[in-house]
K.L.:
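Just dropping this structure here.
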Amino acid sequence: GDSVTQMEGPVTLSEEAFLTINCTYTATGYPSLFWYVQYPGEGLQLLLKATKADDKGSNKGFEATYRKETTSFHLEKGSVQVSDSAVYFCALSEKGGSEKLVFGKGTKLTVNP
Amino acid sequence: GAVVSQHPSRVICKSGTSVKIECRSLDFQATTMFWYRQFPKQSLMLMATSNEGSKATYEQGVEKDKFLINHASLTLSTLTVTSAHPEDSSFYICSARSQTGSYEQYFGPGTRLTVT
């Protein structure tokens, strides 16, 4: 079945450092790919998404590119802030996000001032 | 943005009792809601898909008689854990799917269930 593997945390960075959280997937079809973020005490929020190969999703300075050849969707940000501290989940859906989401285990990011 | 609430946020119950968790879409209508379960340091696992006015669709391995789902209106779905046992202790998260636009799923903040 479909699955998502993302790098285990926790990840601790200093403010303004470069962030990469790796995510790879296994899917039978051509899934849509997502990054969700969960801030403390809140529900998951969609951070960005990409629906086909070579698409780049971006939001709030975060980016991820849908790489079909490497089945990857790595999350990057050039300069993290303390407010980026949260848990990040990579996910896929075979039907554009309206149906079943398959999640990775989540990566906790802590950014220190 | 679209907001989904869950109630209660935390609940502690004794083994053998039943617990009901509510999931509400506050500012939009949702014909479809999803219930997930999350174990510590694990990913969210879909338990069931709840459709307004019809029976829920359960994922393989999820006991439908233990986890009762009711989606009686376009803004409310409930999950009842019947005859709870300590192994049911977990973090339960719901999401509601928008009926318009990108049909995105919006997530609630989750409910921490502890069965003693």
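The chains referred to below are lettered A, B, ... by the order of the sequence lines, with proteins before strands, and numbering in each begins at 1. Just so we're clear, the structure is a prediction, and the values are computed from it rather than from any experiment.
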K.L.:
Tell me the closest heavy-atom pair linking B/Tyr36 and A/Leu101, and the distance in Å.
P.N.:
OH-CB, 3.7 Å

K.L.:
Could you tell me whether A/Tyr39 atom OH has more than 12 heavy atoms of other residues or ligands within 6.0 Å of it?
P.N.:
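Above 12, so yes.
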
K.L.:
Side chain, backbone, both or neither: which part of B/Leu44 has an atom under 4.5 Å from a heavy atom of chain A?
P.N.:
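Both backbone and side chain.
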
K.L.:
So what's closer than 4.5 Å to chain A heavy atoms on B/Phe39: side chain, backbone, both or neither?
P.N.:
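No part of it gets close to chain A.
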
K.L.:
For the hydrophobic clusters of this structure (ILVMFWY residues joined by side-chain heavy atoms under 4.5 Å, transitively), does one cluster hold both A/Val4 and B/Met45?
P.N.:
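No: no chain of side-chain contacts under 4.5 Å links A/Val4 to B/Met45.
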
K.L.:
Linking I/L/V/M/F/W/Y whenever their side-chain heavy atoms sit closer than 4.5 Å, directly or via other members, would B/Phe107 and B/Trp35 fall into one cluster?
P.N.:
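The answer is no; the residues belong to distinct hydrophobic clusters.
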
K.L.:
Would you mind checking which part of B/Gln38 comes under 4.5 Å of any heavy atom in chain A, side chain (CB onward), backbone (N, CA, C, O), both or neither?
P.N.:
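For B/Gln38, the contact with chain A is made by the side chain alone.
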
K.L.:
With respect to chain B, which residue among A/Gly106, A/Gly9, A/Gly104, A/Ala91 yields the maximal number of heavy-atom pairs within a distance under 4.5 Å?
P.N.:
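Max contact count across the listed options: A/Gly104.
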
K.L.:
Give a yes or no on whether B/Ile12 atom CD1 has more than 12 heavy-atom contacts from other residues, nucleotides or ligands under 6.0 Å away.
P.N.:
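Not more than 12 within 6.0 Å, no.
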
K.L.:
Hey, any chance A/Leu47 and A/Phe89 share a hydrophobic cluster, counting ILVMFWY side chains that come within less than 4.5 Å of each other, even indirectly?
P.N.:
no

